[in-house]
Amino acid sequence: MPKITVLPHETLCPQGAVIENAPQGETVLDVLLDHDIEVDHACEKSCACTTCHVVIRKGFDSMEEPTELEEDLLDQAWGLEPESRLSCQAVVADEDLVVEIPKYTINHAREHG
């Protein structure tokens with residue numbers, strides 16, 4: 001099973017994380033949530049927002065291509081990059097992944113303060 005390396009994120013994962021034996025066929029979001037990395041997911045994983053946006057720094061090409069709906073939503077994400085994915089749609093395949101959680105998200109449903 002592949003390994004997911006999560007790069008350090010100031011609030012969600014300050015030290016970074018290494019998740020050994022990530023289950024193939026699970027979404028990146030579900031794997032992160034299962035390991036107490038609380039990535040925003042305002043639409044409850046229904047591919048209707050961009051709050052779970054991540055950048056796949058390694059292993060991007062091992063995953064299935066994003067759907068047209070996911071690509072349309074990603075166009076609205078803060079800090080969009082060519083390797084951006086919605087983690088609720090990005091399914092772990094057979095290669096190790098390196099995941100970066102962007103510093104900011106567009107989440108109108110969440111209150112900060």
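Quick note: residue numbers are just sequence positions, from 1.
Listed by chain and residue number, Arg85 satisfy the side-chain hydrogen bond (donor to acceptor under 3.5 Å, both in side chains) test with Glu70 (two or more places apart in sequence, or in another chain). Every residue two or more places apart in sequence or in another chain that forms a side-chain hydrogen bond (donor to acceptor under 3.5 Å, both in side chains) with Ser84 is listed here: His53. Scanning for side chain to side chain contact (heavy atoms under 4.5 Å, CB included) contacts around Ala93 gives Ser62, with sequence neighbours left out. For Glu81, the salt bridge (Lys or Arg N to Asp or Glu O under 4.0 Å) partners at least two apart in sequence or on another chain are Arg57. For Asp61, there are no side chain to side chain contact (heavy atoms under 4.5 Å, CB included) partners two or more places apart in sequence or in a different chain. Listed by chain and residue number, His9 satisfy the side chain to side chain contact (heavy atoms under 4.5 Å, CB included) test with Thr11 (two or more places apart in sequence, or in another chain).
Scanning both residues, Val92 and Val31, for their nearest heavy atoms gives CG2-CG2, 4.3 Å. Here the closest non-hydrogen pair linking Gly59 and Glu95 is CA-OE1, 4.1 Å.
Note: Gln89 CD to Glu71 CD = 12.0 Å, rounded to the nearest 0.5 Å. From Glu83, atom CD reaches atom CD of Glu100 across 10.5 Å, with rounding to the nearest 0.5 Å. How far SG of Cys49 is from CD of Gln76: 10.0 Å, rounded to the nearest 0.5 Å. Rounding to the nearest 0.5 angstrom, the gap separating the CG atom in Leu33 from the NE2 atom in His41 is 5.0 Å. Interatomic distance, OG1 of Thr51 versus CG of Asp40, reported as 5.5 Å (0.5 Å rounding). Summarising the geometry, atom CG belonging to Leu29 is positioned 6.5 Å from atom SG belonging to Cys88; distances are rounded to the nearest 0.5 Å.
Pairs engaging residues 3-18 under the salt bridge (charged side-chain N to carboxylate O under 4.0 Å, His left out) rule: none recorded [sequence neighbours left out]. Sorted by first and then second residue, the pairs that involve residues 41-56 and meet salt bridge (charged side-chain N to carboxylate O under 4.0 Å, His left out), not counting sequence neighbours, are Asp30-Lys45.
Annotation: side chain of Ile56 is in contact with side chain of Val99 (closest heavy-atom distance under 4.5 Å). Looking only at side-chain heavy atoms (C-beta outward), Lys58 and Leu97 stay at 4.5 Å or farther from each other.
When hydrophobic clusters are built by joining Ile, Leu, Val, Met, Phe, Trp and Tyr residues whose side-chain heavy atoms come closer than 4.5 Å, directly or via intermediates, Val55 is not grouped with Met63. There is no path of hydrophobic side-chain contacts, each under 4.5 Å, that joins Val6 to Val98.
Residue Leu69 belongs to a hydrophobic cluster whose other members are Leu73, Leu74, Leu80, Leu86, with links defined by side-chain heavy atoms closer than 4.5 Å.
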Tabulate below the donor-acceptor pairs under 3.5 Å that side-chain atoms of residues 15-23 make, not counting sequence neighbours, or state none.
none

Determine, stepwise, if the pair Leu7 / Ile101 fulfils side chain to side chain contact (heavy atoms under 4.5 Å, CB included). CA-CA 7 Å; Leu7 299 177; Ile101 303 167; over 6 Å; no
